[in-house]
Amino acid sequence: MQATVLILGARGRFGLAAARAFGAAGWRVLGHTRPGASQPAEAGIEWLGIDLRDTQALAAAAQGATVVVHALNPAYTNQAWREQVAPMTDAAIRLAHTLAATLMVPGNVYNFGAAMPAVLSEGTPQMAQTVKGRVRIAMEAQLQASGVRVVVIRAGNFFGAGRGTWFDAVNVKDLKKGWFTHAGSRELATAWAYLPDLARCFLAVAQQREQLRPFEVLHFAGHTLSAQQWLDALDPLARAQGWVKPGAHLKLRALPWPVIRIGAWFMPAWAALLELRYLWDTPHRLTNDKLTALIGPEPHTPLPLAARQALADLGLLASAPRRGRAPAMAG
């Protein structure tokens, strides 16, 4: 019997990546959107334009779904997170309860706070002092107390699978001019997640979900990258595209934090960004021992291939490769 997944926020960058991963594996994919929202022309997704708060109508349309992926996110501002994360989470919980489905949620490293150690495991103390960090801690507590089966898969900074991430908004914004912009130092490495890999991880965990406890947190290691490692991966692509002169290299440009600090007085999104500056000043990586014990090797696309596809998805490459079958899992 064909398995069915309902993806909340399926138009978003992670939601769409998850839809593609589940669909490629033969699942029936139901993609939730807001009523009246445009729906991408994506083969294999059955779109449900139903208000998230209408649990009964959405559950009736999604009958048979055994997995619900919560890929919804509010706007980046702290106020939006304070006001919207808990109601969104509550709606996802009610829906999963009505469907008797497993609820799967992407987590992040905000929970750990500025005092986080260099290696982050599932048992690392969560001591966030930022608005977003406290909201995420409360969200996970809300999920754990819900009574539904929940899996949180924590990952680093997203890249790939289109627009809407730090990668396209900041890092490669001026790549065609020969610049890679980074918020931290050249050699300090932090956690990153290539979204197609993370989406395939969700699929692999969904297929093993009956082995998990009612509430489980898993860590996705992804890539641990410094600015220099990004430059090394992107430099050949920049030369091939003619963005830098023969014999030259991409240049590293620092994010203008003093300007952002001033702008934060007037722009809520910049204020939220400034509060999380510590993420770029604190080296960190995620350990995935629990995850690999469950699913085997983590889905992992080598950085040169992931970087190329991420740029292709943004329409930056003159001869973008066609999106084909996902690469095999690697350790």
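Because the structure is predicted, anything quoted here is derived from the model rather than measured.
With values rounded to the nearest 0.5 angstrom, C201 atom SG is found 13.0 Å from H300 atom NE2. Note that CD1 of I50 is 9.5 Å distant from CG of L95, once rounded to the nearest 0.5 Å. Note that CD1 of I295 is 13.0 Å distant from NZ of K290, once rounded to the nearest 0.5 Å. To the nearest 0.5 Å, atom NE2 of residue H284 and atom CG of residue L279 are 5.5 Å apart.
The aromatic rings of W280 and H182 sit perpendicular, their planes meeting at an angle over 60°, well past the 30° parallel limit. Using cut-offs of 30° and 60° on the angle between ring planes, the pair F159 and W230 is perpendicular. Taking the six-membered ring for Trp and thresholds of 30 and 60 degrees, F22 and W27 have ring planes more than 60 degrees apart, a perpendicular arrangement.
One finds a salt bridge joining E140 and R154 here, because a Lys/Arg side-chain nitrogen approaches an Asp/Glu carboxylate oxygen to under 4.0 Å. At a threshold of 4.0 Å, the pair E216-R209 does not count as salt-bridged, since none of the basic side-chain nitrogens sits closer than that to a carboxylate oxygen. Classification of D168 and K173 as a salt-bridged pair fails, no side-chain N sitting under 4.0 Å from a carboxylate O. A salt bridge does not link K132 with E275: none of the charged nitrogens is closer than 4.0 Å to a carboxylate oxygen.
Both Y278 and Y76 belong to a single network of hydrophobic side chains, linked directly or stepwise wherever heavy atoms of I, L, V, M, F, W or Y lie under 4.5 Å apart. Linking ILVMFWY side-chain heavy atoms closer than 4.5 Å, directly or via other members, places F112 and I137 in two distinct hydrophobic clusters. Note on L303: it does not cluster hydrophobically with L188, by side-chain heavy-atom contacts below 4.5 Å among ILVMFWY residues. No path of Ile, Leu, Val, Met, Phe, Trp and Tyr side chains, each step under 4.5 Å between heavy atoms, connects W265 with I260, placing them in separate hydrophobic clusters. Both M267 and L255 belong to a single network of hydrophobic side chains, linked directly or stepwise wherever heavy atoms of I, L, V, M, F, W or Y lie under 4.5 Å apart.
With D174 contributing its side chain and W179 its backbone, the two residues share no donor-acceptor pair below 3.5 Å. Side chain of E122 to backbone of H219: a donor-acceptor contact under 3.5 angstrom is found. Counting only distance, with no hydrogens or angles, the side chain of S146 and the backbone of V148 share a donor-acceptor pair below 3.5 Å.
Closest heavy-atom contact between A80 and P74: O-CB, 4.0 Å. Scanning all heavy atoms of the two residues, the minimum distance from A59 to T98 falls at CB-CG2, 3.6 Å.
Counted within 6.0 Å of CD on Q208, heavy atoms from surrounding residues, nucleotides or ligands total more than 12; the atom is thus considered enclosed. More than 12 heavy atoms of other residues, nucleotides or ligands sit less than 6.0 Å from atom CD of E46.
Ring centers of F14 and F202: under 6.0 Å apart, within the cut-off.
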